[in-house]
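Each chain gets a letter, A, B and so on, in the order the sequences are listed, and its residues count up from 1. Side chains included, hydrogens not; waters and symmetry mates left out as well; all remaining heavy atoms used.
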Protein chains: 2
Amino acid sequence: MKKVRDAEASKARVFDAAAEEFALHGFVGAKVDRIAARARVNKAMIYYHFKNKAALYRAVVGDMFAATAARLRELRASNLTPAQQIDEFIAIVAREGQARKYFPRMWLRELADDGRHMGERNFADLTAIVSILAAILADGQKAGVFRPMPPFVVQVGIVGPLFLFLATGPLRSTAALKARIPISNISTDVLIDYVRAMTKGALSAQRP
Amino acid sequence: MKKVRDAEASKARVFDAAAEEFALHGFVGAKVDRIAARARVNKAMIYYHFKNKAALYRAVVGDMFAATAARLRELRASNLTPAQQIDEFIAIVAREGQARKYFPRMWLRELADDGRHMGERNFADLTAIVSILAAILADGQKAGVFRPMPPFVVQVGIVGPLFLFLATGPLRSTAALKARIPISNISTDVLIDYVRAMTKGALSAQRP
DNA sequence: GTCTATAAATAGATAGAC
DNA sequence: GTCTATCTATTTATAGAC
């Protein structure tokens, strides 16, 4: 019993340490030795809890995707208007991404890697997320409030700004210093509002 | 003389091969052996032409940044209106990024790495780019056509969608198949228009 | 300028004792 | 469940011949 609780605790520590390590160094750059050190666990324990480095990685990605897909399915089951659903889509992606500090970095890397390290399960969740956005856009077009636009364009228009921002805190601070730009503390709410304004401005059916 | 031309040619092949390799695998994942094979050059030649892997990387990043910064300085010297300068800023970043297929992926990775592999020169160019955007925004605010917005927010709102799109061609094709979304061939012009509409929609001073 | 050979370090994974 | 020791493979970089 005691052992079981310890096992769960050490497995959770491995998960957290791995998430941080993958975010900072990418799949290839992440070192199992460092994950073990970070988790205060013997390296062999990582292979006891998870099959290997790849499986550990997929578990971390899966946590974000499963949570996001679940929240989006709830959204889709609501009866909000298409415009409101876009607002909520943006807020959900932003909040789930912010709740997992490591994830935006991991995702930028995984995109650059063409999804090379994702498993079937990860891919299914990603597909679900894109399909939900496509459905919202289709509803909005049918209602005449959105102009036609390929879902992937809208997707990168939402995820791009959100994740680039969430992933680049330290770099922005450094750049702000060097460029002598005031380092205003930008809240996630400001960011969400901006992405909402961008997206609806660009999707709006009636434009000059 | 013949040798010199050969040297220039092989150095150029190393540059191209390295750019491709860094884009596909990141700084850590890039293998010098693969760069040599790709460039059809002996591995030792890489160290003959460039100091080491890091210097080679900085040269590739520098090519994009120097070109972009130069074009933006020209833009800044023009007498276009702030709104027109934003449109041109977006087009320049998109076109320079598209002219270097490898770069958007490299940049997503470098952002996730907090700029860890950049040199002083790279950083100076990056700073110049951000400063130019900040100046355009300040002009627009002064003229009353843009609402106040931190430059970094606008920056991620432009670079995020552009580079996420440019970096993810193959992945989008795969996802489109799995999600049964029509794989429309989206042109860079459509993308540029969308990012322009997004940015100006979100910056517009008079909004509901 | 070009190539071979190799030094030196590092990393993923596992066997096997406790 | 936990730890030590180690095997095997890779990888950056250079020395030195041509």
Side-chain angles (χ1 to χ4, degrees), chain A residues 1-61 106 109-110 112-113 116-119, chain B residues 1-61 106 109-110 112-113 116-119:
Chain A
M1 194 54 193
K2 170 78 159 48
K3 293 265 181 172
V4 171
R5 207 168 53 244
D6 287 356
E8 280 167 11
S10 81
K11 184 169 184 175
R13 282 207 311 280
V14 168
F15 182 100
D16 291 341
E20 186 73 5
E21 176 75 6
F22 286 132
L24 289 177
H25 302 288
F27 183 81
V28 185
K31 302 308 167 196
V32 179
D33 284 303
R34 273 201 300 251
I35 294 175
R38 236 186 248 275
R40 303 188 316 281
V41 150
N42 186 282
K43 177 164 60 159
M45 285 305 291
I46 292 177
Y47 294 94
Y48 173 78
H49 285 306
F50 298 90
K51 191 183 174 224
N52 54 27
K53 188 177 165 182
L56 177 51
Y57 181 88
R58 291 196 296 268
V60 176
V61 172
M106 283 183 68
R109 297 182 194 277
E110 188 60 28
D113 281 337
R116 209 180 302 169
H117 309 104
M118 293 200 294
Chain B
M1 194 54 191
K2 169 78 158 50
K3 293 265 182 174
V4 171
R5 211 172 45 245
D6 286 356
E8 280 166 11
S10 82
K11 183 168 183 175
R13 283 208 309 281
V14 168
F15 181 100
D16 291 341
E20 186 73 5
E21 176 75 6
F22 286 132
L24 290 177
H25 303 287
F27 183 80
V28 185
K31 301 307 167 194
V32 179
D33 283 305
R34 273 202 300 253
I35 295 174
R38 236 184 248 275
R40 302 189 316 281
V41 149
N42 186 282
K43 178 166 59 163
M45 285 304 291
I46 292 177
Y47 294 95
Y48 174 77
H49 285 306
F50 298 89
K51 192 183 174 223
N52 53 29
K53 187 177 165 181
L56 177 51
Y57 181 88
R58 289 195 297 267
V60 176
V61 172
M106 283 183 68
R109 298 181 193 276
E110 188 60 29
D113 281 337
R116 210 179 301 168
H117 310 104
M118 293 202 293

I want to check one thing: is the phosphate of C/dG1, taken as OP1 and OP2, less than 4.0 Å away from some side-chain N or O of B/Ser10? no
For B/Asp33, give me all partners under salt bridge (charged side-chain N to carboxylate O under 4.0 Å, His left out), at least two apart in sequence or on another chain. B/Lys43
Distance check needed: C/dT2 P versus B/Tyr48 OH, whole Å only. 8 Å
For A/Lys11, enumerate each residue passing the salt bridge (charged side-chain N to carboxylate O under 4.0 Å, His left out) test, keeping only those at least two apart in sequence or located in another chain. none
Rounded distance (Å) that lies between atom C1' of C/dT10 and atom NE2 of A/His25: 15 Å
Rounded to whole Å, please give me the gap between CD in A/Glu8 and C1' in D/dG1. 13 Å
Taken to the nearest whole Å, CZ/B/Phe50 to P/C/dT2 is 13 Å
My understanding is that only residues two or more places apart in sequence, or in another chain, count here; which of them pass side chain to side chain contact (heavy atoms under 4.5 Å, CB included) with A/Asp16? none
Pairs meeting criterion ring-ring contact (aromatic ring centres under 6.0 Å, His included) with involvement of residues 40-59 of chain B, two or more places apart: B/Phe22-B/Tyr57, B/Phe27-B/Tyr57, B/Tyr57-B/His117
Nucleotide nearest B/Asn42 (side chain, heavy atoms from C-beta), chosen from C/dG1, D/dC3, C/dT4: C/dT4
Whole angstrom is fine here: how far is it from NZ in A/Lys11 over to P in D/dG1? 10 Å
Specify the separation, in whole Å, of atom CZ of B/Arg40 and atom P of C/dG1. 18 Å
From the candidates C/dT2, D/dG1, C/dA15, the one with an atom nearest any side-chain atom of A/Met45 is D/dG1
Inter-residue atom distance B/Glu8.CD - B/Arg13.CZ, 0.5 Å rounding: 12.5 Å
Quick one: salt bridge (charged side-chain N to carboxylate O under 4.0 Å, His left out) partners of A/Glu21, sequence neighbours excluded? A/Arg34, A/Arg38
Let me have a per-nucleotide readout for nucleotides 8-13 of chain D, 5' to 3', with B, S or -, counting only protein heavy atoms under 4.0 Å. ---SBB
